[in-house]
**Student:** 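Take this structure first; my questions come after.
Everything quoted here is computed from the prediction, not taken from an experiment.
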Amino acid sequence: MKNIKLQELGLKDYKDTWDFQEELFQSIINLKIDNRRNNINHKTPNYFLFVEHPHVYTLGKSGDMSNLLLNEEQLTKKGATFYKINRGGDITYHGPGQIVGYPILDLDNFFTDIHKYLRFLEEVIIKTLADYGIKSERSAGETGVWLDVGTPFARKICALGVRTSRWVTMHGFALNVNTNLGYFDNIIPCGIKGKAVTSLEVELNKKIPLEEVKEKILKHFSELFEVEFT
């Protein structure tokens, strides 16, 4: 059974968390390079970070600045920050009441297939939502997890965006649990016009304990990826 080191970061600034991710990400890559150069086989570690961010908007590599509908002054008034970052995908929002998961994995320890990795992450969330009686699914050509796909009521509940180098992953998913969805009104989420967002709280009409949801995520993640969290 493969091991993943689980770290709970609590409420942590986006940039500080990004720097921490980069550190772990780079340390795995350096170990892989060292292994190859010296023809050795030191085992590479895998990490999984759980975090909640203060209000922040992030724009991926392929993102369009015009999808942020606020200027600097308006951002400050909203108590939000903005970062251009190195993951795939367009713009998204992170904030309190949202569960953000960053798996920093060496896919050489699992399977070297990015599409499969993304589908597995989506499946973890789909199974977690099913535990709450919510039927969610993928939407063709749109990464993430959605409800009522193909209807006028299609809405996104979980965003995904990852970066990989030498089969090492960083960034991950953001699941809206008790999130203030009003903050999504200031962006065109993921660059997709006319698509709504939702949360567990909105769908179930009650607040859901984040710790309870995290436990379910870890359970489904460990089963799908065949890992143990330490």
**Student:** Does the pair D19/K15 count as a salt bridge with the N-to-O cut at 4.0 Å?
**Tutor:**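 Between K15 and D19 there is a salt bridge, with a charged N closer than 4.0 Å to a carboxylate O.
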**Student:** Test: salt bridge (charged side-chain N to carboxylate O under 4.0 Å, His left out). Region: residues 91-109. Which pairs qualify, not counting sequence neighbours?
**Tutor:**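 Sorted pair list: K32-D106, K32-D108.
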**Student:** Determine yes or no for a side-chain-to-main-chain donor-acceptor pair under 3.5 angstrom, with S222 supplying the side chain and E228 the backbone.
**Tutor:**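 Not at all, since once roles are kept as given, no pair shorter than 3.5 Å links the two residues.
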**Student:** Any chance you could measure I91, atom CD1, to M65, atom CE, to the nearest 0.5 Å?
**Tutor:**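 Going from CD1 on I91 over to CE on M65, the span is 7.0 Å.
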**Student:** Look at the side chain of H53 and the backbone N and O of K12, then say whether any donor-acceptor pair between them is shorter than 3.5 Å.
**Tutor:**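 Side chain of H53 to backbone of K12, a donor-acceptor pair under 3.5 Å: yes, one is there.
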**Student:** Is it the case that atom NZ in K127 sees more than 12 heavy atoms from other parts of the structure closer than 6.0 Å?
**Tutor:** no
**Student:** Looking at I28 and P45, what are the two nearest heavy atoms and their distance?
**Tutor:**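 Result for this residue pair: CD1-O, 3.3 Å.
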**Student:** Is there a side-chain contact between F111 and F120, using heavy atoms and a 4.5 Å cut-off?
**Tutor:**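 With C-beta onward as the side chain, the pair touches.
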**Student:** Hey, does W18 have a side-chain heavy atom less than 4.5 Å from the side chain of T58?
**Tutor:** no
**Student:** Out of curiosity, N41 CG to R36 CZ, how far, rounded to the nearest 0.5 Å?
**Tutor:** 11.0 Å
**Student:** In terms of hydrophobic clustering (I, L, V, M, F, W, Y; side-chain heavy atoms under 4.5 Å; direct or indirect links), are L160 and I187 co-clustered?
**Tutor:**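 L160 does not cluster with I187.
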**Student:** Name all residues meeting the salt bridge (charged side-chain N to carboxylate O under 4.0 Å, His left out) criterion together with K219; count only those two or more places apart in sequence or in a different chain, and write none if there are none.
**Tutor:** E223
**Student:** Sequence neighbours left out, what passes salt bridge (charged side-chain N to carboxylate O under 4.0 Å, His left out) with E123? Give chain and number order.
**Tutor:**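 Partners of E123 under the salt bridge (charged side-chain N to carboxylate O under 4.0 Å, His left out) test: R138.
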**Student:** Please, which pairs that meet salt bridge (charged side-chain N to carboxylate O under 4.0 Å, His left out) have at least one residue in residues 43-61, sequence neighbours excluded?
**Tutor:**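 Output for this query is empty, none listed.
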**Student:** Same hydrophobic cluster for Y102 and L24, using side-chain heavy-atom links shorter than 4.5 Å among ILVMFWY?
**Tutor:**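 Linked, Y102 and L24 end up in one cluster.
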**Student:** Does the side chain of F225 reach to within under 4.5 Å of the side chain of Y117, using non-hydrogen atoms?
**Tutor:**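 Yes. Closest side-chain heavy atoms under 4.5 Å.
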**Student:** The test is side chain to side chain contact (heavy atoms under 4.5 Å, CB included); show your working for F50 and L218 and say whether it passes.
**Tutor:** CA-CA 10 Å; F50 264 140; L218 293 176; 3.7 Å; yes
**Student:** Please confirm whether the backbone N or O of L175 pairs with a side-chain atom of Q98, one donor and one acceptor, at under 3.5 Å?
**Tutor:** no
**Student:** Heavy-atom distance under 4.5 Å between the side chains of H220 and D131, does that happen here?
**Tutor:**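 The answer is yes, as the side chains (C-beta and beyond) meet within the 4.5 Å cut-off.
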**Student:** Is there side-chain contact between E122 and R119, with at least one heavy-atom pair below 4.5 Å?
**Tutor:** yes
**Student:** Among residues at least two apart in sequence or on other chains, which ones pass side chain to side chain contact (heavy atoms under 4.5 Å, CB included) with N38?
**Tutor:** D34, I40
**Student:** Does NZ or CZ of K78 come closer than 6.0 Å to the centre of the six-membered ring of Y183, within 45° of the ring's axis?
**Tutor:**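 Cation-pi check for K78 and Y183: passes.
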**Student:** Got a second to check how far L70's CG is from E72's CD, nearest 0.5 Å?
**Tutor:** 11.0 Å
**Student:** Any non-hydrogen side-chain atom of N176 less than 4.5 Å from a side-chain atom of T198?
**Tutor:** no
**Student:** Tabulate below the donor-acceptor pairs under 3.5 Å that side-chain atoms of residues 161-170 make, not counting sequence neighbours, or state none.
**Tutor:**
from : atom 1 : to   : atom 2 : distance (Å)
R163 : NH1    : E22  : OE2    : 3.4
T169 : OG1    : P103 : O      : 2.9
T169 : OG1    : L105 : N      : 3.0

**Student:** Evaluate side chain to side chain contact (heavy atoms under 4.5 Å, CB included) for Y132 paired with V213, printing each intermediate quantity in order.
**Tutor:** CA-CA 9 Å; Y132 289 97; V213 183; 3.5 Å; yes
**Student:** Quick one: which of L147, L129, I208 gives a side chain to side chain contact (heavy atoms under 4.5 Å, CB included) with E203?
**Tutor:**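 Result for side chain to side chain contact (heavy atoms under 4.5 Å, CB included) with E203: L147.
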**Student:** Taking all non-hydrogen atoms of both residues into account, name the closest pair between A159 and T92 and its distance.
**Tutor:**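 Result for this residue pair: CB-OG1, 3.9 Å.
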**Student:** Any side-chain to backbone donor/acceptor pair from N178 onto E201? Under 3.5 Å, distance only.
**Tutor:** no
**Student:** State, yes or no, whether a side-chain contact exists between N180 and P96 at a heavy-atom distance under 4.5 Å.
**Tutor:**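 When only atoms from C-beta onward are counted, P96 and N180 do not touch, as no gap falls below 4.5 Å.
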**Student:** Locate the shortest heavy-atom distance separating A174 from V100; write the atom from each residue and the value.
**Tutor:** CB-CG2, 4.2 Å
**Student:** Taking side-chain hydrogen bond (donor to acceptor under 3.5 Å, both in side chains) as the definition, give me every residue that meets it alongside Q21, ordered by chain and number, with sequence neighbours left out.
**Tutor:**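 Partners of Q21 under the side-chain hydrogen bond (donor to acceptor under 3.5 Å, both in side chains) test: none.
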**Student:** If you measure from CD1 on I125 to CD1 on I99, what distance do you get to the nearest 0.5 Å?
**Tutor:** 8.0 Å
**Student:** Count I, L, V, M, F, W, Y as connected when their side-chain heavy atoms are under 4.5 Å apart, and connections chain through other members. Are I217 and L204 then in the same cluster?
**Tutor:** yes
**Student:** Holding to salt bridge (charged side-chain N to carboxylate O under 4.0 Å, His left out), I want the full list of residues that pass it with K77, two or more places apart in sequence or in another chain.
**Tutor:** E73
**Student:** List for me each residue that meets side chain to side chain contact (heavy atoms under 4.5 Å, CB included) alongside S139, sequence neighbours excluded, and say none if there are none.
**Tutor:** E142, W146, V149
**Student:** Say you draw a straight line from CD1 of I85 to CG of L59; how long is it, rounded to the nearest 0.5 Å?
**Tutor:**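 If I round to the nearest 0.5 Å, the distance is 8.0 Å.
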**Student:** Cation-pi between K156 and F184: NZ/CZ under 6.0 Å from ring centre and within 45° of the ring axis?
**Tutor:**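 No.
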**Student:** How does the hydrophobic cluster around L31 look, that is, which other residues are in it when side-chain heavy atoms under 4.5 Å mark a link?
**Tutor:** none
**Student:** Indicate the ring-plane relationship of F229 and F221, choosing parallel, tilted or perpendicular according to the 30° and 60° boundaries.
**Tutor:**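 Rings of F229 and F221: tilted, as their planes differ by 30° to 60°.
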**Student:** Would you say V202 ends up clustered with V177 if hydrophobic residues are merged whenever their side chains have heavy atoms under 4.5 Å apart, either directly or through other cluster members?
**Tutor:**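 No, because V177 and V202 fall into different hydrophobic clusters, even though each may have its own neighbours under 4.5 Å.
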**Student:** Do the side chains of I4 and F25 join up, straight or via other hydrophobic residues, at under 4.5 Å, putting them in one cluster?
**Tutor:**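 No, separate clusters.
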**Student:** Output all residues satisfying salt bridge (charged side-chain N to carboxylate O under 4.0 Å, His left out) with D13, sequence neighbours left out; order by chain, then residue number.
**Tutor:** none
**Student:** Just jot down the side chain to side chain contact (heavy atoms under 4.5 Å, CB included) partners of Q7, sequence neighbours excluded, or say none.
**Tutor:**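 By the side chain to side chain contact (heavy atoms under 4.5 Å, CB included) rule, Q7 matches L9, F20, Y47, L49.
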**Student:** I need the F48 CZ to N3 CG distance, nearest 0.5 Å.
**Tutor:** 15.0 Å
**Student:** Counting only heavy atoms not in K5 (residues, nucleotides, ligands), do more than 12 fall under 6.0 Å from its NZ?
**Tutor:** no
**Student:** Evaluate the side chain to side chain contact (heavy atoms under 4.5 Å, CB included) criterion for residues N186 and L75: first the C-alpha distance (whole Å), next the side-chain angles of each, then the deciding distance (0.1 Å), finally the verdict.
**Tutor:** CA-CA 9 Å; N186 306 310; L75 272 172; over 6 Å; no
**Student:** Report yes if some heavy atom in the side chain of F173 is under 4.5 Å from a heavy atom in the side chain of V124; otherwise report no.
**Tutor:**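 No; the side chains remain at least 4.5 Å from each other.
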